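Just so it is clear, the model here is predicted, and its values are computed rather than measured. Indexing begins at 1, ligand by ligand and atom by atom, following the structure's order.
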Amino acid sequence: MTGLVLQDISKRFGASTVVEQVQLAVPAGSFVCLLGPSGCGKTTLLRMIAGLETPSQGLILLDGQDITALPTHQRELGMVFQSLALFPHLSVGENIAYPLRIRGRPRAEQARRTEELLNLVHLPGYGDRPVAQLSGGQRQRVAIARALALSPRLFLLDEPLSALDAKLREAMQLELRQLQQRLGITTVVVTHDQREAMTMADLVVVMGEGRVRQAAPPIEIYRHPADAFVADFIGSTNLLELERDAQGRASAFGCALPGVPAPAAGRATLSIRPEDLQLTVPGDGALSGRVSFVRDLGATIETFIEVGGKVLVAVTTPRARAQVQPGDAVGVVLPPENCVVLAS
Ligand code: ATP
């Protein structure tokens, strides 16, 4: 297959296994985000793809070629790290042309390619500027342009946008995604930000404790999380303990949940997204609760409801504004079609 394939990749440092039996197929031209909490092994996995760490076990294939033992400089990669590592004493153009210069490419080619890349990252005319005079977003674009100078086969980025403020970061996410789509370059990005992953990726790989917990398109992960860890990590969700009652029905907090599949045996976890939880008059929903807090964020309203000692969150649009107040008794509706039953 063309693209990147990881076959049974593990990495041990001494006695601890930080990446464990990762299997992954990244089709050529697609954008993959490795997503997970701090310490789950994302960076180690990316560094093995880059050739900066050697796997303890497994194979890495790029367009069908086994590159597991190939040195980094022979892998034809473009890399951008959080630190960017731009040369502060060089101009924007000199930074971008650097990979071409050290490979001895003719001056005319260096100049032509630098112009091309400056246009590509929306910095035309910036070639002679000192890097020190650029904004955070502009530096980011220079680092991306430099990484693409040699037209790599694979583009690797480790938390590339984490130093930027929230607004600029969102703009750069769209820009990076559009650039990748124009170039059709196979791209792997490490992030711990699920919103960033949802914005950019064709394929999100959720990692936990060194293992791939789920690898799927973003919306599939959001709608059909494989387990409670993934459900909780991707967006926010309400996780309820689900039981099978004496009549064989699914129940939570001792209340039957008609339409929700009962767990086969013992217990399971029910995940329902805040935007799917509905509030109604007391006594009318499947569950009864009391409003403990209302957070009005303008575009949306978050209502926190205490049910049987647990707090559930419902997100509604401003049309529902001022309908409930802290202290109000409410009914809580769990539409069965929005309930995802997870093994626990
Ligand atoms: P973060 O988001 O915090 O960067 P991460 O998911 O990228 O986390 P890694 O940097 O891959 O995680 O680290 C995974 C685990 O491996 C951590 O527990 C880390 O301490 C350990 N680790 C990483 N590199 C080494 C090393 N060279 N020697 C020993 N342990 C290491």
K.L.:
Please check if a non-hydrogen protein atom sits closer than 4.0 Å to atom 20 (O) of ligand 1.
P.N.:
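So atom 20 (O) of ligand 1 lacks protein heavy-atom neighbours under 4.0 Å.
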K.L.:
Cation-pi between R146 and F87: NZ/CZ under 6.0 Å from ring centre and within 45° of the ring axis?
P.N.:
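Pair R146/F87 counts as cation-pi.
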K.L.:
Can a salt bridge be assigned to the pair K310 and E241 using a cut-off of 4.0 Å between side-chain N and carboxylate O?
P.N.:
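No, K310 and E241 are not salt-bridged.
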K.L.:
Applying the 4.5 Å side-chain criterion to the ILVMFWY set and letting contacts propagate, would L203 and I234 be lumped into a single cluster?
P.N.:
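Not linked; separate clusters.
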K.L.:
Ignoring hydrogens and angles, state whether a donor on the side chain of T68 or D66 is under 3.5 Å from an acceptor on the partner side chain.
P.N.:
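Checked: T68/D66 side chains pair up, N/O donor to acceptor below 3.5 Å.
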K.L.:
Which residue from K42, K11, H192 reaches closest to atom 2 (O) of ligand 1 through any of its heavy atoms?
P.N.:
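The residue whose heavy atom sits nearest atom 2 (O) of ligand 1 is K42.
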K.L.:
With a 4.0 Å cut-off on N to O distance, would you call R112 and E115 a salt bridge?
P.N.:
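Salt bridge between R112 and E115, a charged N being under 4.0 Å from a carboxylate O: no.
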K.L.:
Would you mind finding which of G39, G14, G36 brings a heavy atom closest to atom 17 (C) of ligand 1?
P.N.:
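Nearest heavy atom to atom 17 (C) of ligand 1 lies in G39.
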K.L.:
Suppose we measure from atom 25 (C) of ligand 1 to each protein heavy atom; which comes out shortest, and what is that distance?
P.N.:
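Going atom by atom, the protein heavy atom closest to atom 25 (C) of ligand 1 ends up being F13 CE1, 3.3 Å.
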K.L.:
Could you check which of S162, P37, G210, G41 puts a non-hydrogen atom nearest to atom 12 (O) of ligand 1?
P.N.:
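When every heavy atom of S162, P37, G210, G41 is considered, G41 comes closest to atom 12 (O) of ligand 1.
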K.L.:
If you have a sec, work out which protein heavy atom is nearest atom 7 (O) of ligand 1 and how many Å separate them, to one decimal?
P.N.:
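Nearest neighbour among protein heavy atoms for atom 7 (O) of ligand 1, to 0.1 Å: T43 OG1, 2.7 Å.
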K.L.:
Are R177 and Q180 linked by a side-chain donor-acceptor pair shorter than 3.5 Å?
P.N.:
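Yes, because at least one side-chain N or O of R177 sits under 3.5 Å from a partner of the opposite role on Q180.
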K.L.:
Tell me which part of V18 gets within contact of ligand 1: side chain, backbone, both or neither, using heavy atoms under 4.0 Å.
P.N.:
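Side chain only.
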K.L.:
Distance to 0.1 Å, residue and atom name: give those for the protein heavy atom nearest to atom 13 (O) of ligand 1.
P.N.:
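Nearest neighbour among protein heavy atoms for atom 13 (O) of ligand 1, to 0.1 Å: T44 OG1, 3.8 Å.
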K.L.:
Test of understanding: clusters of I, L, V, M, F, W, Y form through side-chain heavy atoms closer than 4.5 Å, transitively. Do V121 and L183 belong to the same one?
P.N.:
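Yes; L183 is reachable from V121 via cluster members.
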K.L.:
As a check for students: among C40, G208, S16, S38, identify the option with a heavy atom nearest to atom 3 (O) of ligand 1.
P.N.:
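Answer by nearest heavy atom: S38.
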